[in-house]
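Data first, discussion second: the structure below is written as structure tokens.
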Amino acid sequence: MNLNIYNTATRKKEIFEPQEPDTVKMYVCGPTVYNLVHIGNARPVVVFDTLFRILRYLYKDVVYARNITDIDDKIMKAAAENGEQISVLAARYAAEYDRDMAQLNALQPSIVPYATEHVGQMIAMTEKLVSKGHAYAAQGHVLFAVKSMADYGRLSNRSLDDMLDGARVEVAPYKKYAGDFVLWKPSAENEPGWDSPWGRGRPGWHLECSAMIETHLGNTIDIHGGGRDLVFPHHENELAQSECAHGGETYVRYWMHNGYVNIDGEKMSKSLGNFRTVRELLKKYSGEVIRFALLSAQYRSELDFSADLLEQSKSSLDSLYGALAKISEEQVPEPSLLESSAGFKALLDDLNTPMAVSELHQLAKQINKADDVKEVLQAKALMLALGDLMGVLQEDPETWFKGDSSEDSAWIEELIAARQQAKVDKQYARADEIREELNAKGIVLEDSKDGTTWRKA
RNA sequence: GGCGCGAUAGCAAAGCGGUUAUGCACUGGAUUGCAAAUCCACGUAGGCCGGUUCGACUCCGGCUCGCGCCUCCA
């Protein structure tokens, strides 16, 4: 019963073994809070939340940290634009992010560190890097000297020469070497800043994660996750800073990166403007549908996001919940039952969620065919247990189909009763009229031998 | 220029060197007063060209096309 993880650093699938038995330390890069997040930002959250759920099942202690970047030039720009305090704007969007992610059934991480609360540690790490000869101060900046690290570039598998070959940016005059990156930069009077040995300034982007990991999780962590676009430069530079600051100690044992969410075959990104916010999608689809859509492909492959995908996800969930709705009893599955299931094994194989979903459907079919009571109960228990690991199917089926509006359903019941009477009276035209009336309002009626029930379309 | 990923049936998406993936949609049937839900039936899919093999969607090589990173980005 091994968990297999594809490690970006080795470009291979590996058996996962935490550094300390029973304890897993995981860190995932969170958002820079200056606007609402888009569905591409949500993918790592859902993917690593799923991993978090699996890890919690497998290990006694799982410490999962996901940061909030609340100091950044983009935040400064957005705050300046609407004449707002940076901290106010950041706090607002951090709260919006929380709200959206909760809708996606993402559990709260164990730790949510904020960058601005770790500036002291960032300065300390920078000083350490300067004193060890890995960084230098120049014109109020402090830069990391990439040439001071022998194997810089190993995570993203590129050499310094190759990188600079394709460079599309002008080299800042204070850099000794074109590939050097900023640890600390000066702030103007009207910009937020912190006092430091190099004057008033603020941290470079990569530094915060290194400092927060060091503070909360230690020098070496088991898993570091994020989107593919973070491999270079963000994670490469984090690795450089941390390992150089810690005398070469391993920074991360397993690097994991999720593939992009695409729109029309192209990467969704804020700069391209082709993004869909989670908030916008939540107006039309439940968080669970969105989550299910994000899990419909294995996390490392690209995922083309479309209305069609959401519709298919909705239909699939309807059919899974439909099976669950058929049985009222619940039972907890034997661990052996879950652990020997194909879906569980699939999840342990580098989070093969499509295959796990496939088993959910097979279990639903088993329930629908309903010949043996014990078998049916087991199938339901397994569905719920697998669903729990993926963060789906945990809602009460009745709520799933009817929504939470129990108080305004009386009129539906009245119409159903009226239709029932019409049927008894053989007034089928009237009965169909009522069905149509409800249909028009998005209510679907389902007759069965036990009477008529309804659900939202 | 360097590094990397992908191409599976209408759509989405997996495993696997030889035996039905799975879902959504469509069509036919059962069921129903009519529906819905459900069940049954139905798709030789695997970019192109070679090679290895008794046998390749699956391994190897080439080609074509698409995408990404090398700049802020999940």
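Residue numbering restarts at 1 for every chain, and letters A, B, ... go by the order of the sequence lines. Values below: every heavy atom of this structure, side chains too, minus hydrogens, waters and symmetry copies.
The side chain of A/Gln362 approaches B/U22 more closely than any other nucleotide in the set B/U22, B/A74, B/A14. Minimum atom distance to the side chain of A/Met268 is reached by B/A74, of the listed B/A74, B/G33, B/G23. Looking at the side chain of A/Gln312, the nearest of the listed nucleotides B/A14, B/C39, B/G23 is B/G23. Comparing B/G68, B/G23, B/A13 by their nearest atom to the side chain of A/Lys267 picks out B/G68. Checking B/A12, B/A35, B/A74 against the side-chain heavy atoms of A/Leu309 singles out B/A12 as nearest. Comparing atom distances between the A/Asp447 side chain and each of B/C24, B/A21, B/C34 picks out B/C34 as nearest. Ranking B/A74, B/C34, B/A25 by closeness to the A/Ser315 side chain, first place goes to B/A25. Candidate nucleotides B/U22, B/A74, B/C34 were compared by shortest atom distance to the side chain of A/Pro44, and B/A74 ranks first. With B/G23, B/A74, B/A14 as the candidates, the nucleotide lying closest to the side chain of A/Pro354 is B/A14. Considering only the side chain of A/Ser316, B/C24 comes nearest among B/U22, B/C24, B/G15.
Between the side chains of A/Glu14 and A/Asn7, at least one donor N or O lies within less than 3.5 Å of an accepting N or O. Looking only at atom types and distance, the side chain of A/Asn41 has no donor-acceptor partner in the side chain of A/Tyr97 under 3.5 Å away. Remark: the A/Thr452 side chain and the A/Asp447 side chain contain an N/O donor-acceptor pair separated by less than 3.5 Å.
Shown here, B/A74 forms no base pair; nothing in the strands shown gives a Watson-Crick or G-U wobble contact with both key distances under 3.5 Å. Nucleotide B/C48 forms a Watson-Crick or G-U wobble pair with B/G62, both donor-acceptor distances falling under 3.5 Å. Across all strands shown, B/A25 forms no Watson-Crick or G-U wobble pair with both distances under 3.5 Å. B/U38 is paired with B/A30 under the Watson-Crick or G-U wobble criterion, all donor-acceptor distances under 3.5 Å. Searching all strands for a Watson-Crick or G-U wobble partner of B/A9 with both distances below 3.5 Å returns nothing. In this structure, B/C16 makes no Watson-Crick or G-U wobble pair, since no nucleotide meets both defining distances under 3.5 angstrom. Across all strands shown, B/G4 is found opposite B/C67 as a Watson-Crick or G-U wobble partner, with both distances under 3.5 Å. Base-pair partner of B/U53: not found among the strands shown (Watson-Crick or G-U wobble, both distances under 3.5 Å).
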Listed pairs, N/O of protein and of nucleotides 2-4 of chain B, under 3.5 Å:
residue	atom	partner	partner atom	Å
B/G2	O2'	A/Asp162	OD1	3.4
B/G2	O2'	A/Asp162	OD2	2.5
B/C3	O3'	A/Asn157	ND2	3.3
B/C3	O2'	A/Asn157	O	3.3

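At the heavy-atom level, A/Gly225 lies nowhere under 4.0 Å from the strands shown. Nucleic acid contact class of A/Leu230 (heavy atoms, under 4.0 Å, all strands): sugar-phosphate only. As judged by a 4.0 angstrom heavy-atom cut-off over every strand, A/Lys423 is placed among the base-contacting residues. Counting non-hydrogen atoms under 4.0 angstrom, A/Ser319 reaches the backbone sugars and phosphates but no base. Within 4.0 Å (heavy atoms only), A/His257 reaches no atom of the nucleic acid at all. Among the protein residues, A/Val261 comes within range of the nucleic acid bases, having at least one heavy atom under 4.0 Å from a base atom. Within the 4.0 angstrom heavy-atom criterion, base atoms lie near A/Arg435. Heavy atoms of A/Gly40 sit under 4.0 angstrom from at least one base atom.
Across B/C57 and B/G47, the matching P atoms stand 10 Å from one another, rounded to whole Å. Between the C1' atoms of B/A9 and B/A45, the separation comes to 4 Å (whole Å). Separating the C1' atom of B/C65 from that of B/A25 is a span of 28 Å, rounded to the nearest Å. Taking atom P in both B/U53 and B/C16, one finds a spacing of 24 Å when rounded to whole Å. B/C24 and B/A13 have their C1' atoms separated by 11 Å, with the value rounded to a whole Å. Annotation: B/G18 and B/A30 have their P atoms spaced 39 Å apart (nearest Å). The gap from the P atom of B/G62 to that of B/C67 amounts to 22 Å, rounded to the nearest Å. Between the P atoms of B/U31 and B/A36, the separation comes to 15 Å (whole Å).
Interface remark: the A/Asp229 side chain does not form any donor-acceptor pair with the B/G68 base, using a distance-only criterion of under 3.5 Å.
Using a 4.0 Å cut-off between charged nitrogen and carboxylate oxygen, A/Arg300 and A/Asp350 count as a salt-bridge pair.
Within the structure, a side-chain polar atom (N or O) of A/Asn368 is placed less than 4.0 Å from OP1 or OP2 of B/C39. Between B/C40 and A/Lys369, a contact under 4.0 Å exists linking OP1 or OP2 to a side-chain N or O. In this model, the phosphate group of B/C24 is not approached by any side-chain N or O of A/Ser296 to a distance below 4.0 Å at OP1 or OP2.
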(message) Working note: A/Tyr93 + A/Tyr34, criterion ring pair (Phe, Tyr, Trp, His ring centres under 6.0 Å); need CA distance, chi angles, decisive distance, verdict.
(response) CA-CA 6 Å; A/Tyr93 283 115; A/Tyr34 66 102; 8.0 Å; no

(request) Before giving the answer on salt bridge (charged side-chain N to carboxylate O under 4.0 Å, His left out), spell out for A/Asp73 and A/Arg202 the whole-Å C-alpha distance, their side-chain angles and the decisive distance to 0.1 Å. (result) CA-CA 10 Å; A/Asp73 286 7; A/Arg202 58 189 192 277; 2.9 Å; yes

(request) Under the salt bridge (charged side-chain N to carboxylate O under 4.0 Å, His left out) rule, what do A/Glu81 and A/Lys77 come out as? Steps first, then yes or no, please. (result) CA-CA 6 Å; A/Glu81 272 166 17; A/Lys77 185 161 172 272; 3.6 Å; yes

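The shortest heavy-atom contact between A/Ala422 and A/Arg430 is CB-CG, 3.9 Å. Contact between A/Met383 and A/Leu363 at its shortest, heavy atoms only, is CG-CB, 3.5 Å.
Note on ring orientation: taking the six-membered ring where Trp is involved, the planes of A/Tyr152 and A/Phe232 are perpendicular (angle over 60°, cut-offs 30° and 60°).
Both A/Tyr6 and A/Lys326 lie close to RNA chain B; mapped to their nearest nucleotides by heavy-atom distance, the more 5′-ward contact belongs to A/Tyr6. Nearer the 5' end of RNA chain B, as judged by each residue's closest nucleotide, is the contact made by A/Ser358, out of A/Gly30 and A/Ser358.
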